[in-house]
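The structure displayed is predicted, hence computed values, not measured ones.
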Amino acid sequence: MSTRRPPHSASRSAPKSAGDRDAPKGRRAARGAASVLKQKPADAEREDGPQRIAKLLARAGVGSRRDVERMIEEGRIALNGEKIVQPAPLLASLDGLTVDGNPVAKPVSTRLYRFHKPAGCLTAARDPKGRKTIYDLLPKDLPRLMPVGRLDYNTEGLLLLTNDGEFKRRLELPASGVERTYRARAFGDISQAELEELAMGIEIDGVRYGKIDANLERRTGRNQWIEMTLTEGKNREVRKVLEHFGLQVSRLIRTRYGAFELGGMPLGAVDVVPRDELFKFRRQMG
């Protein structure tokens with residue numbers, strides 16, 4: 001069987017362990033930032049006028065909008081000593097707002113970090129079962145950071161972290177069109193022609209998955225590496241799609257999120273995205 005192999009990047013490669021030093025490089029995403037859709041935020045509030053409390057607190061790094069809405073329901077957020085109830089009022093500033101009785105600090109400039117998440121840890125603040133989380137591995141001197149999206153317990157690779165809940169939300173929304181690229185090692189039989197059908201999207205068990213750009217890389221026997229680029233990032237999307245084709249995924253690595261790549265980062269390493277790169281990306285997002 002002949003397969004169509006994508007062009008290889010000469011400058012960067014996915015991380016290699018002792019058992020995977022022959023893992024092919026796959027197509028790197030020069031297409032990354034250029035493919036981001038330039039869309040306006042969905043919210044109607046003006047940036048210089050009264051805004052939703054959830055949005056203000058998200059921008060201050062308290063949590064995502066969903067987190068803030070949950071905090072309001074739990075009675076943890078107050079304005080001038082009075083617990084806020086729904087519908088929450090629009091506010092022009094953080095003055096008088098407290099979370100768990102503590103004043104909310106004014107927002108600092110948006111920061112973005114890259115983290116090479118290893119397999120065997122959760123993308124969560126804590127786990128009732130006592131399993132390891134990313135916060136057990138991250139340096140303790142980092143500011144308060146929130147993960148952009150999630151990687152499953154057994155999925156490794158690039159995880160972005162930010163102190164800005166509003167920016168996190170925009171990066172995660174499918175409507176923003178931010179691409180994610182994964183490389184999967186899978187056992188079974190599949191052809192490039194079958195993978196190309198994913199460009200039209202696919203429905204599995206009543207769930208509709210959007211366009212996926214999938215390319216078959218090097219095959220050894222019935223094992224192959226497959227590169228997949230998508231914009232939705234639904235729960236376990238890559239695994240579910242490949243399992244639908246009868247493949248068994250033994251390793252899954254996220255190599256890119258938007259304009260930011262894993263490159264040759266060591267496993268467990270974390271670094272900050274330079275401000276000029278972050279500014280350029282945000283400007284391209286619109």
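- Rounding to the nearest 0.5 Å places CZ of Arg150 at 8.5 Å from CG of Leu122.
- Partners of Asp95 according to the side chain to side chain contact (heavy atoms under 4.5 Å, CB included) rule, which considers only residues two or more places apart in sequence or in another chain, are Ser93.
- Contact detail for Leu230 and Val238: the closest heavy-atom pair is CD2-CG2, 3.7 Å.
- Under the 4.5 Å side-chain heavy-atom criterion for Ile, Leu, Val, Met, Phe, Trp and Tyr, Leu151 and Met146 are members of distinct hydrophobic clusters.
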**Message:** Is there a side chain to side chain contact (heavy atoms under 4.5 Å, CB included) between Thr255 and Glu261? Walk through the geometry before answering.
**Reply:** CA-CA 6 Å; Thr255 60; Glu261 298 187 34; over 6 Å; no

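- Between Phe281 and Leu171 the shortest side-chain heavy-atom distance falls below 4.5 Å.
- Side chains of Val104 and Leu56 form no contact here, defined as non-hydrogen atoms less than 4.5 Å apart.
- How far CZ of Arg254 is from CZ of Arg180: 7.5 Å, rounded to the nearest 0.5 Å.
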**Request:** Please lay out, stage by stage, how Ile212 and Glu237 fare under the test side chain to side chain contact (heavy atoms under 4.5 Å, CB included).
**Result:** CA-CA 10 Å; Ile212 299 175; Glu237 180 169 349; 3.7 Å; yes

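- Residues satisfying the side-chain hydrogen bond (donor to acceptor under 3.5 Å, both in side chains) criterion with Gln224, sequence neighbours excluded, are Arg219.
- Taking every heavy atom of both residues into account, Gly268 and Phe115 meet most closely at O-CE1, 3.5 Å.
- Nearest approach of Ser191 to Glu194, heavy atoms of both residues: N-OE1, 2.9 Å.
- Applying the side-chain hydrogen bond (donor to acceptor under 3.5 Å, both in side chains) criterion to Glu82, with sequence neighbours excluded, gives no partner residue.
- Distance alone, capped at 3.5 Å, is enough to place a donor-acceptor pair between the Ser176 side chain and the Arg170 backbone.
- Atom-to-atom distance recorded for Leu91:CG and Ile53:CD1 is 4.5 Å, nearest 0.5 angstrom.
- Under a cut-off of 6.0 angstrom, the local environment of NZ in Lys129 is sparse, with at most 12 non-hydrogen atoms contributed by other residues, nucleotides or ligands.
- For Asn163 (side chain) and Arg111 (main-chain N/O), a donor-acceptor pair under 3.5 Å exists by modelled atom type.
- Within 6.0 Å of NZ in Lys280 there are 12 or fewer heavy atoms belonging to other residues, nucleotides or ligands.
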Side-chain polar contacts of residues 130-138 - donor-acceptor pairs under 3.5 angstrom, sequence neighbours left out - could you list them?
| residue | atom | partner | partner atom | Å |
| --- | --- | --- | --- | --- |
| Arg131 | NE | Asp127 | OD2 | 2.9 |
| Arg131 | NH2 | Asp127 | OD1 | 3.4 |
| Thr133 | OG1 | Ala124 | O | 3.4 |
| Thr133 | OG1 | Tyr135 | N | 3.2 |
| Tyr135 | OH | Leu145 | O | 2.8 |
| Asp136 | OD2 | Thr133 | N | 2.9 |

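- Leu57 and Phe167 fall into different hydrophobic clusters, where Ile, Leu, Val, Met, Phe, Trp and Tyr side chains are chained together by heavy-atom contacts under 4.5 Å.
- No path of Ile, Leu, Val, Met, Phe, Trp and Tyr side chains, each step under 4.5 Å between heavy atoms, connects Tyr113 with Phe279, placing them in separate hydrophobic clusters.
- The shortest distance between side-chain heavy atoms of Ile84 and Pro89 falls below 4.5 Å.
- Note: Thr110 OG1 to Glu166 CD = 9.5 Å, rounded to the nearest 0.5 Å.
- Legend: salt bridge (Lys or Arg N to Asp or Glu O under 4.0 Å) pairs involving residues 201-212, not counting sequence neighbours: none detected.
- Scanning all heavy atoms of the two residues, the minimum distance from Pro147 to Thr123 falls at CB-CG2, 3.6 Å.
- Remark: of the listed residues Leu159, Leu161, Asp271, Asp271 is the sole one forming a side chain to side chain contact (heavy atoms under 4.5 Å, CB included) with Arg114.
- A 4.5 Å side-chain heavy-atom check between Arg52 and Leu90 finds at least one atom pair inside the cut-off.
- Residue Arg282 places its CZ atom among more than 12 non-hydrogen atoms of other residues, nucleotides or ligands, all under 6.0 Å distant.
- Residues meeting the salt bridge (Lys or Arg N to Asp or Glu O under 4.0 Å) test with Arg70, sequence neighbours left out: Asp67.
- Remark: Arg76 pairs with Glu74, Asp100 by the salt bridge (Lys or Arg N to Asp or Glu O under 4.0 Å) rule, at least two apart or across chains.
- Pro139 meets the side chain to side chain contact (heavy atoms under 4.5 Å, CB included) test with Asp141, Leu142, Val270; sequence neighbours excluded.
- Listed by chain and number, the residues in a side chain to side chain contact (heavy atoms under 4.5 Å, CB included) with Glu172 are Val148, Lys168, Tyr257 (sequence neighbours excluded).
- Proximity of a side-chain donor or acceptor of His116 to a complementary backbone N or O of Ala269 within less than 3.5 Å is not detected.
- The shortest heavy-atom contact between Gln192 and Ala214 is NE2-O, 3.2 Å.
- Scored by the salt bridge (Lys or Arg N to Asp or Glu O under 4.0 Å) test, Arg236 finds Asp152 as partners (sequence neighbours excluded).
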**Request:** For Phe260 and Val178, run side chain to side chain contact (heavy atoms under 4.5 Å, CB included): C-alpha distance rounded to whole Å, both residues' side-chain angles, the deciding distance at 0.1 Å, then the answer.
**Result:** CA-CA 11 Å; Phe260 310 106; Val178 180; over 6 Å; no

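- Applying the side chain to side chain contact (heavy atoms under 4.5 Å, CB included) criterion to Pro274, with sequence neighbours excluded, gives Asp276, Glu277.
- Closest approach of Ala88 to Ile72, counting heavy atoms only: CB-CD1, 4.3 Å.
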Side-chain donor-acceptor pairs of residues 239-248 under 3.5 Å, sequence neighbours excluded:
| residue | atom | partner | partner atom | Å |
| --- | --- | --- | --- | --- |
| Arg239 | NH2 | Asn154 | O | 3.4 |
| Arg239 | NH2 | Thr155 | OG1 | 3.1 |

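- Here Leu160 contributes atom CG and Leu112 contributes atom CG; the two are 5.0 Å apart, rounded to the nearest 0.5 Å.
- For the atom pair OH of Tyr209 and CD1 of Ile204, the computed distance is 5.5 Å after rounding to the nearest 0.5 Å.
- Residue Tyr153 is not grouped with residue Tyr182 when hydrophobic side chains (ILVMFWY) are merged at heavy-atom distances under 4.5 angstrom, including chains of intermediate members.
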